[in-house]
Amino acid sequence: MDDERIRERERLQIEQIRELDFEELQVEEVDDLHDSDSDDNNDDLSSFPFSSHAQASGNLGDDELMFNPALASLHMYLGEVEDTQNRVSFVDGGTVLKIPLFYLEGVVLFPEATLPLRIIQPSFLAAVERALNQANAPSTIGVIRVYREGAQFKYASVGTTAEIRQYRRLGDGSFNVITRGQQRFRLKHRWTDVEGFTCGEVQIVDEDVPLRTPRDAFGKLVPLSKLRGRYPLGTASLSTPLRDMDAQSEANSEESFESALSPSEKRLHYSVVDSIFCNSTSSDDDQVVSTSTVQSSGSNPYSLRSIGCLASSHDNENEDEQSAIGKTPVSQEKYQKQNRLASFRQNTDLSRFRMTPRAFWPFWAYRMFDSYYLAQRAVDLWKQIVGVPNMEAFVNKPDILSFSIASKIPVSESIRQELLELDGVSYRLQREIELLESFDRVRCIHCQTVIARRKDMLVMSNEGPLGAYVNPHGYVHEIMTFYKANDIALRGRPVKKDSWFPGYAWTIANCATCETQLGWHFTATNKKLKPSSFWAVRGSQVADDMR
């Protein structure tokens, strides 16, 4: 059903493109000084921007047009493509597959991210043919990042399976392919097939389940009956996920946290609890403890030892009252204090204090590994810093959210590879939160020149501010887009052919300091199209230092 809605949406967007093409608008002609031969000699003339929403300026005139960000995510420059017949379902973690491998320089693919490919080389053509017809994992390939260190190539050991969703066979035998990331894998073994392409034996990563703060760490206090030895102590479990604290039954509160503590830990535990309750009742001796702001509790009395300040139980209250007569003023004061504490315990709901006595670590320490809490923080930061696409739908799916942010966050490719290799949803979200909070500047990887800033970021596709595009020569690039950039020199004249953004021409952009190619400058071919221009910076040319 989701695939049908996606195809219907794509058809509507294609119609919008055709309507735009036939509109009678005054179009500014752009001189194209590159012929087909010169295009063939420029392997770096392509970059593929990732989908993201264009930010409307709000100052459009009646006759001006805002670029539709949905067009960029459709990769219309690849032409019409057909849906694949065989689809692969997700496989269990730990499953071992033998699939064709695609080593791509400057590309980090995440689950659920889109990756377009232009297949030209005979060995890769054979790999696609094999993938489309293989039985164990139909229409599936493996994508692994390759990068340079000096004169040598290095290969990552963690990659992502990609399902071939759509493809088109061209007249010259080449393929235009649109794939989508599926699952992470670790490469166990690789070899060269007899047809010349690389194959690999990969093991699917067994992803962890997102967890909340453990309930046992912040549950209810232990009943008196258990701590007085009337019943065997329960075994505390600190790994139970918090499903719904309000919906948990009272039976769950019977589990003992204290039984898991050593004698020294128990003494520290009791002293902390003692200080809490003693300070809470240390007002004037004759003042009765107020319960106007708390709910009266009808539960059984708790252990006096767990409270720490009490010396006797409710069962011995009458005996203590009688024995108090004739004692010294000090003894009477002690008795009155104990009596006030007993009254406080009986008439007060201790939910305010339950975090402290039951938790071995502070509350914030547990929150550091609460995937759902981290997901909300990440979504709030994304909304504040990036804006689009909206991530609210993934707050209750922290695992999907962590991959979605990682595939769209405008940082260097090496940092994104680090995110791909991180095991554990909470660890990945923690790192992404850190990156969102610290990301401010984009620097050239070679000379460290600041070429763009966060405040100048522009989202030109409905999937995010960073994405992957492929050029006619088969080179894939990941780019991030900005309103403006600094210390960049343009080379050549604008070219309309093979543009990834309909209605825009591209020009090669080099670093003005070290003269390496950083990306492209896109200019609107229609005077009424907004934004009139923007910059696309290659992720592979961005330094890790983003501060």
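- Arg180 has its side chain out of reach of Leu115: every pair of non-hydrogen atoms, C-beta onward, lies at least 4.5 Å apart.
- Donor-acceptor pairing under 3.5 Å is lacking for the side chains of Asp380 and Gln384.
- One finds a salt bridge joining Arg186 and Asp423 here, because a Lys/Arg side-chain nitrogen approaches an Asp/Glu carboxylate oxygen to under 4.0 Å.
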Candidate pair Ser174 and Arg118, rule side-chain hydrogen bond (donor to acceptor under 3.5 Å, both in side chains), full reasoning: CA-CA 8 Å; Ser174 61; Arg118 175 93 167 93; 2.8 Å; yes

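- Listed by first then second residue, pairs satisfying side chain to side chain donor-acceptor pair (under 3.5 Å) with a partner in residues 447-457 read Thr449-Thr513, not counting sequence neighbours.
- Checked by atom type and distance alone, the side chain of Thr523 never pairs as donor or acceptor with a backbone atom of Ser533 at under 3.5 Å.
- Counting all heavy atoms, side chain and backbone alike, Leu490 lies closest to Ala509 at CD2-CB, 4.1 Å.
- Residues Thr198 and Tyr103 are in side-chain contact: their nearest non-hydrogen atoms beyond the backbone lie under 4.5 Å apart.
- In this structure, the side chain of Gln430 engages the main chain of Met368 through a donor-acceptor pair within 3.5 Å.
- Atom CD of Glu515 has 12 or fewer neighbouring heavy atoms from other residues, nucleotides or ligands inside a 6.0 Å radius.
- The closest donor-acceptor contact from the side chain of Asp193 to the backbone of Phe197 lies at 3.5 Å or more, if one exists at all.
- Counting heavy atoms from C-beta on, the side chains of Leu458 and Pro531 come closer than 4.5 Å.
- With rounding to the nearest 0.5 angstrom, the CD1 atom of Ile141 is 9.5 Å from the CZ atom of Phe124.
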CA sep, side-chain torsions, deciding dist, call: Glu195, Arg130, salt bridge (charged side-chain N to carboxylate O under 4.0 Å, His left out): CA-CA 10 Å; Glu195 297 185 68; Arg130 173 73 62 84; 3.1 Å; yes

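- In this structure, Leu401 and Ala378 approach most closely via the heavy-atom pair CD2-CB, 4.5 Å.
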side-chain contact (heavy atoms from CB on, under 4.5 Å) between Thr516 and Asn510, intermediate numbers included: CA-CA 5 Å; Thr516 58; Asn510 294 339; over 6 Å; no

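- No side-chain heavy atom of Val395 sits less than 4.5 Å from a side-chain heavy atom of Met391.
- Residues Arg145 and Glu105 have side chains not in contact (no heavy-atom distance under 4.5 Å, counting atoms from C-beta outward).
- Contact detail for Gly159 and Leu420: the closest heavy-atom pair is CA-CD2, 4.2 Å.
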Working for side-chain contact (heavy atoms from CB on, under 4.5 Å), residues Thr161 and Ile99: CA-CA 9 Å; Thr161 60; Ile99 54 177; 4.1 Å; yes

Residues Arg184, Thr160; criterion side-chain hydrogen bond (donor to acceptor under 3.5 Å, both in side chains); working and verdict: CA-CA 4 Å; Arg184 293 192 305 148; Thr160 304; over 6 Å; no

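- Using modelled atom types, no side-chain atom of Trp535 and backbone atom of Ala452 make a donor-acceptor pair closer than 3.5 Å.
- For the pair Arg169 and Phe175, the cation-pi criterion (under 6.0 Å, within 45° of the ring axis) is not fulfilled.
- Of the inter-residue distances, the one linking Gln203 atom CD with Thr95 atom OG1 reads 8.5 Å to the nearest 0.5 angstrom.
- By the 4.0 Å N-to-carboxylate-O rule, Glu418 lies close enough to Arg431 to be salt-bridged with it.
- In this structure, Arg165 contributes its side chain and Thr84 its backbone to no donor-acceptor pair below 3.5 Å.
- Judged by distance alone, the side chain of Ser499 and the main-chain N or O of Tyr504 form a donor-acceptor pair under 3.5 Å.
- Contact record, Pro465 with Val388: CD-O, 4.1 Å, taken as the closest heavy-atom pair.
- Distance NZ/Lys188 to NZ/Lys98: 10.0 Å, rounded to 0.5 Å.
- Residue Tyr77 holds its OH atom at 9.0 Å from CG of Asn471, rounded to the nearest 0.5 Å.
- Without hydrogens or angle criteria, Ser404 side chain to Ser402 main chain gives no donor-acceptor distance under 3.5 Å.
- Side-chain contact check for Arg148 versus Gln152: every heavy-atom pair is 4.5 Å or farther apart.
- Summarising the geometry of Pro389 relative to Lys408, their closest heavy-atom pair is CG-CE, 3.9 Å, with the distance given to 0.1 Å.
- Using a distance-only test at 3.5 Å, with no hydrogens or angles considered, a donor-acceptor pair links the side chain of Arg428 to the main chain of Leu419.
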Pair Met457-Tyr483, side-chain contact (heavy atoms from CB on, under 4.5 Å): steps then yes or no: CA-CA 6 Å; Met457 188 168 51; Tyr483 280 109; over 6 Å; no

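- Within the 4.5 Å cutoff, the side chain of Asp487 has no heavy atoms near those of the Val450 side chain.
- Contact check for Leu211 versus Asp370: no side-chain heavy atoms found under the 4.5 Å cut-off.
- In terms of modelled atom types and a separation under 3.5 Å, the side chain of Asn176 and the main chain of Leu78 share a donor-acceptor contact.
- Checked against a 6.0 Å centroid threshold, the rings of Tyr147 and Tyr155 do not count as neighbours.
- Between the OG atom of Ser73 and the CG atom of Asn68 there is a distance of 8.5 Å, given to the nearest 0.5 Å.
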Residue pair Val177, Val470: steps toward the side-chain contact (heavy atoms from CB on, under 4.5 Å) verdict: CA-CA 10 Å; Val177 176; Val470 62; over 6 Å; no

Test log, rule ring pair (Phe, Tyr, Trp, His ring centres under 6.0 Å), inputs Phe534 and Phe501: CA-CA 11 Å; Phe534 62 93; Phe501 298 92; 5.0 Å; yes

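- One distance of note links CZ of Arg190 with OG of Ser157; it measures 11.5 Å at 0.5 Å rounding.
- Nearest heavy-atom pair, Thr507 versus Pro494, reported as atom, atom and distance to 0.1 Å: OG1-CA, 3.4 Å.
- For the side chain to side chain contact (heavy atoms under 4.5 Å, CB included) with Glu437, the qualifying choice from Asp440, Leu435, Ile433 is Ile433, the only one to do so.
- Residues meeting the side chain to side chain donor-acceptor pair (under 3.5 Å) test with Ser426, sequence neighbours left out: none.
- Of the options Ile445, Ile451, Ile479, a side chain to side chain contact (heavy atoms under 4.5 Å, CB included) to Gln541 is made by Ile445 and by none of the others.
- Glu413 and Gln417 form no side-chain donor-acceptor contact under 3.5 Å, judged by distance and modelled atom types alone.
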